[in-house]
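Just so we're on the same page: letters track the sequence lines, and every chain starts at 1.
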Amino acid sequence: MTDAQATPQKNNDLQLNADEKKLTKRLFWRNMWLGFDMSYTRQQGVAWDWIHAPVYKEIYKDDPDKFWEAMKRNMEFYNTTPNMNGIVSGLAVSMEQENAKAPAGTFDTAGISGMKIGLMGPMAGIGDTFFAGVWGLILAGIGISFAKAGNMAVLLVSVIGLIPNIAVRWYGQKYSYKLGSKYIAKAVQDGLMTMFTKATSIVGVTVVGGMIATLVKFPLVFKTKINGNVFALQKVFDQIMPSLLPLALSVICFVLLRKGKNPVLVLVGVVLLGFILTFLGITGA
Amino acid sequence: MLLYQAFIIALFVAWGKWIGVYGSFGQVMPFFFTPVLALLLGKDPVNALMIDAAIALAFYGVMQIGAVLPQDTGFGGALGLGFALILNQKPAIGVALAVPISMLAVVVWNLLKFWFTTNVEIFDKYIDQRNLRKFNRLWWIQMGVYIFTYFILAFLAVLLGTHGIKAFVTSIPKPLLSGLTVAAGMLPAVGMGMLLKFVWNIEFLPFFIAGFVLAAYLKLPIMAISLFGVVFGLVMFFIDRHINEVKKSNNLSTANNVNSDDEGDFFND
C-alpha cells in the first residue's frame, strides 16, 4: 500500500459511523456513574459491569453466551480515577468488538483484562494527581479567594472547571476507541504517562507552596514592652521571613503524615494547638 | 419553618452527594450551588459564599485518594453551611460544626461501602442466573439507598439538632470563639501536608520553594502562581522527553554498533 492510499484511510480512522456514534455516546453518559457502588472487594468492578452492560448487549446481540461470559469476566477488581475511565473504557469496548467478530477460540479475552489491569494504575496516577490534586486545588483556591470576598464570579470558575473533565471523558474515550491499544500502550511504554504525571505534580507542588503562604493563617498577637520599646512577636517573625510559621506548621503536618500518623490525629492536634496558643495569648483572631 | 429548612438542607446534601459522584462534577464545581441554597433558605447569598469559603478553607487539600476518604467534606461542609445560615452565625461557627460532622460522617460511608461489598456476591449470582433485570434493579436500589441515607441523615440532623446547636453556639464564650477562629485558620496546613505527601518527591523541592517565595515575598495571586507552576512543569516535561529520546537513540546505536565497537577495540589494541 502506498502512502497516498494510506492517508485517506487514516482520516477515516477517527470518524465514527452512525452505530459507533450511538455506542460511544451511550458509553459516555453511562461512564458518569463509575464512582457509585464502590466495594471493598472489587472497588468499581460492579459499576464497570453496569456501565458496559448495554454496550456489551449491542456488541454480542447475536450471542447471549458471549454476552454473559463478558459480564462475568468484567466483574473483576477495577479501580481508577472516574474522569480517566473513558480512555480505558473506549479501548475495552473496541477489544470486545474484536472478540465478537473473531471466530470462537481465536481471541484471547485475557488480553482485555490484562489491558484493564495494566492501564487502571497509570490512569489513576495521572487522574488523581491532575483532577483531585492540581486542578481541583487551583479551582478551589481561586474559588475561595472569590467567595471570601463574596464575588459571584465564583460561578464562572466552576463552569471553567468542568471543561477538562468533560473533554478527557469524551475525547479520551473516542480516541482510545478508534486508535486502539497500541497508541496507549506506546504512551505508557515510552514513559510519556510518567513524564506527564511528573509535570502535573510539579504544578501541584508549586501551587501548594504558594497556598501555604496565602491560605494558612498563624496570626500572632503577643505584644510586650521591653525597655519602653514595643515588642510584637509577629513583626519579629515577619522580619525573619514572611509566612514563616504557616510554612513550619505545614511542613510539620507533612512530616507527621509521611511518617504514617493518622490524619485525624494530626487534624485534632492542629486544632488543639490553635486553642492552646490562643488561650495563652500568643495567637488571636 | 424548621421543617422547610431541614428539607431544603437535606435536598442540598443529597444533591451534593449525587453531583460529587456523577461525573465527579462536584470536585471541579466548588461553591456553584451555595448561592442557590442561600436563596432557597431566604438568606443572603454573598454571606453564604463567605461562610462556605471559610469551611472550604478548613477542608482545603483534603481529598479522596483511591478509596480512602479521610473526612466526608461534602456532608460536613453542607451541614456546617446550613446550620450557620439558618442560625445567622459567623463563618467560624460554620467551620466549628463542619469539621466534627465531616469526621463522624465517614462512618456512614464505611457502612454503605460494607453493604455494597456484601451485595457484590448477589450481583455475581444474578450474572450466573443471566438475569439482567434483577442486576439492574439491585444497582438502582443501591443508588437510592445511598442518596436517601444522606438525605434522611441531614434532614434529621437539622430537624432535631438545630435547637441543641443553637444553645451550644450562643453559649460559646468569647475566648473559645477566637480559639476556634485561629484553629480554623491553621487547619489548611493539614490539607497542604496531605497533598504534599501525595505528590512528594525530593526533586520537587525547588518548585515548592519557588511557589512559596512567589506568594510570600512577591504577593502574587494564586492564578499567577499556578501559571508559574505550568511553566515549571512544561520545562521539566521537555527536559525529560529530551533525555528519554537521547536514551532511546543511545540504546539503538549501541545495539547497531556492536561490530564497529569491536573493531574500535581491535584498533585501539
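Looking at B:Phe114, the atoms closer than 4.5 Å to chain A (heavy atoms on both sides) sit in the backbone and in the side chain alike. Proximity to chain B is absent for every atom of A:Val255, based on heavy atoms less than 4.5 angstrom apart. Proximity to chain A (any heavy atom under 4.5 Å) is restricted, for B:Val99, to the side chain, taken from C-beta onward. With a 4.5 Å cut-off on non-hydrogen atoms, A:Asn165 touches chain B through its side chain but not through its backbone. Both the backbone and the side chain of A:Arg258 come within contact range of chain B, each with at least one heavy atom under 4.5 Å from a heavy atom of that chain. Only the side chain of B:Tyr146 comes within less than 4.5 Å of a heavy atom in chain A; its backbone stays farther off. Looking at A:Ala53, only its side chain comes within 4.5 Å of chain B, counting heavy atoms on both sides. Neither the backbone nor the side chain of A:Leu245 comes within contact range of chain B; no heavy atoms are under 4.5 Å apart. Both the backbone and the side chain of A:Trp50 come within less than 4.5 Å of a heavy atom of chain B. Both the backbone and the side chain of B:Leu180 have a heavy atom closer than 4.5 Å to some heavy atom of chain A. Looking at B:Pro45, both its backbone and its side chain come within 4.5 Å of chain A, counting heavy atoms on both sides. At a 4.5 Å heavy-atom cutoff, the contact between B:Pro175 and chain A is made by backbone and side-chain atoms alike. Contact annotation for A:Asn31: neither backbone nor side-chain heavy atoms come within less than 4.5 Å of a heavy atom of chain B. For a residue to count as touching a neighbouring chain, one of its non-hydrogen atoms must lie under 4.5 Å from one of that chain's; by this rule A:Ala47 touches chain B with backbone and side chain alike. Interface remark: A:Asp65 contributes backbone and side-chain atoms alike to the contact with chain B (heavy atom separation under 4.5 Å). Contacts of A:Met75 with chain B are made by side-chain atoms alone, with heavy-atom separations under 4.5 Å and no backbone atom involved. For A:Thr278, the part sitting under 4.5 Å from any heavy atom of chain B is the side chain, from C-beta outward, and nothing else. Looking at A:Phe67, only its side chain comes within 4.5 Å of chain B, counting heavy atoms on both sides. For B:Met143, the part lying under 4.5 angstrom from a heavy atom of chain A is the side chain only. Heavy atoms of A:Ile166 lying under 4.5 Å from chain B belong exclusively to its side chain.
Nearest approach of A:Thr214 to B:Ala215, heavy atoms of both residues: CG2-CB, 4.1 Å. Residues B:Ala216 and A:Ala213 come closest through the heavy atom pair N-CB, 3.8 Å. Across B:Met103 and A:Val264, no two heavy atoms sit closer than the pair CE-CG1, 3.3 Å. Across all their heavy atoms, B:Asn131 and A:Trp68 have their closest contact at N-CH2, 3.6 Å.
For B:Glu121, the CD atom sits in a loose shell: 12 or fewer heavy atoms of surrounding residues, nucleotides or ligands are nearer than 6.0 Å.
Residues satisfying the side-chain contact (heavy atoms from CB on, under 4.5 Å) test with B:Asp128, not counting sequence neighbours, are A:Lys72. Annotation: salt bridge (Lys or Arg N to Asp or Glu O under 4.0 Å) contacts of A:Lys198 (sequence neighbours excluded): B:Glu203, B:Asp240.
Contact annotation: the side chain of A:Met152 approaches that of B:Val46 to within less than 4.5 Å [non-hydrogen atoms, C-beta and beyond].
Rounded to the nearest 0.5 angstrom, A:Leu267 CG and B:Phe59 CZ are separated by 8.5 Å.
None of A:Ile138, A:Leu162, A:Val159 except one satisfies the side chain to side chain contact (heavy atoms under 4.5 Å, CB included) rule with B:Val28; the exception is A:Leu162. Of the listed residues (A:Trp33, A:Phe36, A:Trp29), just one forms a ring pair (Phe, Tyr, Trp, His ring centres under 6.0 Å) with B:Tyr22, and that residue is A:Trp33.
In terms of modelled atom types and a separation under 3.5 Å, the side chain of B:Thr117 and the main chain of A:Tyr40 share a donor-acceptor contact.
A salt bridge is defined here as a Lys NZ or Arg NE, NH1 or NH2 lying under 4.0 Å from an Asp or Glu carboxylate O, and B:Asp52 with A:Lys148 fails to meet this definition.
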